[in-house]
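Notes follow once the structure below has been shown.
Here the structure is a predicted model, which means the values were calculated and not measured.
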Amino acid sequence: MTDTTEPDYLGHRTRLRSRFLSDEGKSMPDYELAELILTYALPRRDVKPLAKALIKRFGSLAGVLNASAAQLQEIDGVKENTAVLFKVIRTAARRLSWAELAAADKPVISNWDAMIDYCRSEMAYLDVEEFRIIFLDVKWQVVGEEIMQRGTINQVAIHPREVVKRAMERKASAVILVHNHPSGDVKPSRADVDMTKQIKIALESINITLLDHLIVSKNNYASLKEMQII
């Protein structure tokens, strides 16, 4: 006689989907959201243990989504298709976040939290320091960004003339500088402060405003403007 009883995890999946749809996942812990994602990559197995293993390894759902495909596949049970699904979700989230910033019809300072969230989501999980410029128009609306330099785990160097050149080429009226500290400590170093002041002077010479220099990490950020360094 054939056993037609459905596996227990099928009913659990239905409940997960219903809970997600009820409030778009706001009440669900990270491991349950990871579990729900995994159900679409691995439709014929109980994925709760794998979801918990991923959260344990990477610390949070954000950590899972920001892990590289190679890092994800180090976890037993994660194959290429599963890693690709997580990376697709990460890429979609990144594009949505940037599109919302770029499409805003108000100065970026009117939604500064969104700018900080974008910078942290883009750069906070990188293993090495990265230096970016975000370009603003005459109304201080976002018109573009560029990765200027990648460095080591604790250092990135950029010359003021490179910032000036790109700002002029992009016809920017203002810029925001951003770099990350993989160590997690967002306190600006003496080199950070000196570089920022040099860039500010160089930009002012061609009537371009340095709106801020942000330093981001996984759990925090620092604004050299708020610290009254610039």
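For Q73 against A83, the heavy-atom pair with the smallest separation is CG-CB, 4.0 Å. The minimum heavy-atom distance linking P107 with S110 is given by the pair O-OG, 2.6 Å. Nearest heavy-atom pair, A34 versus I55, reported as atom, atom and distance to 0.1 Å: CB-CD1, 4.3 Å. The shortest non-hydrogen separation linking A167 to I208 is CB-CD1, 3.7 Å. Scanning all heavy atoms of the two residues, the minimum distance from V143 to R170 falls at O-NH2, 3.9 Å. Considering all non-hydrogen atoms of both residues, D212 and L224 come closest at OD1-N, 3.4 Å.
Look at E32 and K48 and you find no salt bridge, because none of the NZ, NE, NH1 or NH2 atoms lies under 4.0 Å from a carboxylate O. Of the charged side-chain nitrogens involved, at least one lies within less than 4.0 Å of a carboxylate oxygen, so that E122 and R94 count as a salt-bridged pair.
Looking at H213, R132, E130 one by one, the single match for side-chain hydrogen bond (donor to acceptor under 3.5 Å, both in side chains) with H179 turns out to be H213. For the side-chain contact (heavy atoms from CB on, under 4.5 Å) criterion with V142, the lone passing option out of I176, I134, D137 is I134.
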Could you walk me through whether S217 and N220 pass the side-chain contact (heavy atoms from CB on, under 4.5 Å) check? CA-CA 5 Å; S217 71; N220 207 352; 3.8 Å; yes
Checking M115 against L101 for the side-chain contact (heavy atoms from CB on, under 4.5 Å) test, could you report, in this order, the C-alpha distance in whole Å, the side-chain angles of both residues, the deciding distance, and whether it holds? CA-CA 7 Å; M115 172 60 70; L101 277 178; 4.1 Å; yes
Check the pair H181 / D192 against side-chain hydrogen bond (donor to acceptor under 3.5 Å, both in side chains), numbers first and verdict last. CA-CA 11 Å; H181 279 181; D192 292 334; 3.2 Å; yes
Could you go through the side-chain contact (heavy atoms from CB on, under 4.5 Å) check for L72 and T82 one step at a time? CA-CA 9 Å; L72 290 169; T82 303; over 6 Å; no
Could you go step by step and tell me if L54 and L38 meet the side-chain contact (heavy atoms from CB on, under 4.5 Å) rule? CA-CA 11 Å; L54 284 165; L38 287 168; 4.0 Å; yes
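Atom OG of residue S173 and atom CG of residue L203 lie 11.5 Å apart, to the nearest 0.5 angstrom. The structure places CD of E35 at 12.5 Å from CG of L61, a figure rounded to the nearest 0.5 Å. Rounded to the nearest 0.5 Å, atoms CD (E129) and OG (S183) are 7.5 Å apart. One distance of note links CG of D185 with CG of N219; it measures 12.0 Å at 0.5 Å rounding. Summarising the geometry, atom OH belonging to Y31 is positioned 14.0 Å from atom CG belonging to L50; distances are rounded to the nearest 0.5 Å. Note that the CG atom of N180 and the CE atom of M123 stand 4.5 Å from one another [nearest 0.5 Å].
Residue-environment remark: CZ (R19) exceeds the threshold of 12 foreign heavy atoms within 6.0 Å. K225 NZ: 12 or fewer foreign heavy atoms inside a 6.0 Å radius. For D23, the CG atom is densely surrounded, since the number of other residues' heavy atoms within 6.0 Å is greater than 12.
Using a 4.5 Å heavy-atom threshold, the side chains of V163 and P160 count as separate. Counting heavy atoms from C-beta outward, I215 and Y221 have side chains that stay 4.5 Å or more apart. Side-chain contact between V175 and L211: absent, with no pair of heavy atoms (C-beta onward) separated by less than 4.5 Å. Residues K197 and I229 form a side-chain contact, since some pair of their non-hydrogen atoms from C-beta on lies under 4.5 Å apart. By the 4.5 Å heavy-atom criterion applied to side chains, L210 and T196 are counted as neighbours.
Between the side chain of S97 and the backbone N or O of A93, no donor-acceptor pair lies under 3.5 Å. Side chain of R150 to backbone of F131: no donor-acceptor contact under 3.5 angstrom is found. Using modelled atom types, one side-chain atom of S121 and one backbone atom of D117 make a donor-acceptor pair closer than 3.5 Å. Using modelled atom types, one side-chain atom of K87 and one backbone atom of L65 make a donor-acceptor pair closer than 3.5 Å. A donor-acceptor distance shorter than 3.5 angstrom exists from the side chain of Q141 to the backbone of D105, with no hydrogens or angles considered. The closest donor-acceptor contact from the side chain of E226 to the backbone of S223 lies at 3.5 Å or more, if one exists at all.
Within the structure, ring-ring contact (aromatic ring centres under 6.0 Å, His included) contacts touching residues 46-92 (residues at least two apart or in different chains) do not occur. Evaluation of the ring-ring contact (aromatic ring centres under 6.0 Å, His included) test over residues 88-129, restricted to residues two or more places apart or in two chains, returns W98-Y118.
Linking ILVMFWY side-chain heavy atoms closer than 4.5 Å, directly or via other members, places M168 and I201 in two distinct hydrophobic clusters. Both I75 and L33 are members of a single hydrophobic cluster when ILVMFWY side chains are connected at heavy-atom separations under 4.5 Å. Side-chain heavy atoms closer than 4.5 Å link hydrophobic residues (I, L, V, M, F, W, Y) into clusters, and following such links, even through other members, never connects I230 to V178. Hydrophobic clustering places V164 together with F135 (ILVMFWY residues linked when any side-chain heavy atoms are closer than 4.5 Å, directly or through intermediates). The hydrophobic clustering, which links ILVMFWY residues whose side-chain heavy atoms are closer than 4.5 Å, places I133 and L214 apart.
Applying the side chain to side chain contact (heavy atoms under 4.5 Å, CB included) test to E162 and every residue at least two apart in sequence or in another chain returns M148, I158, H159.
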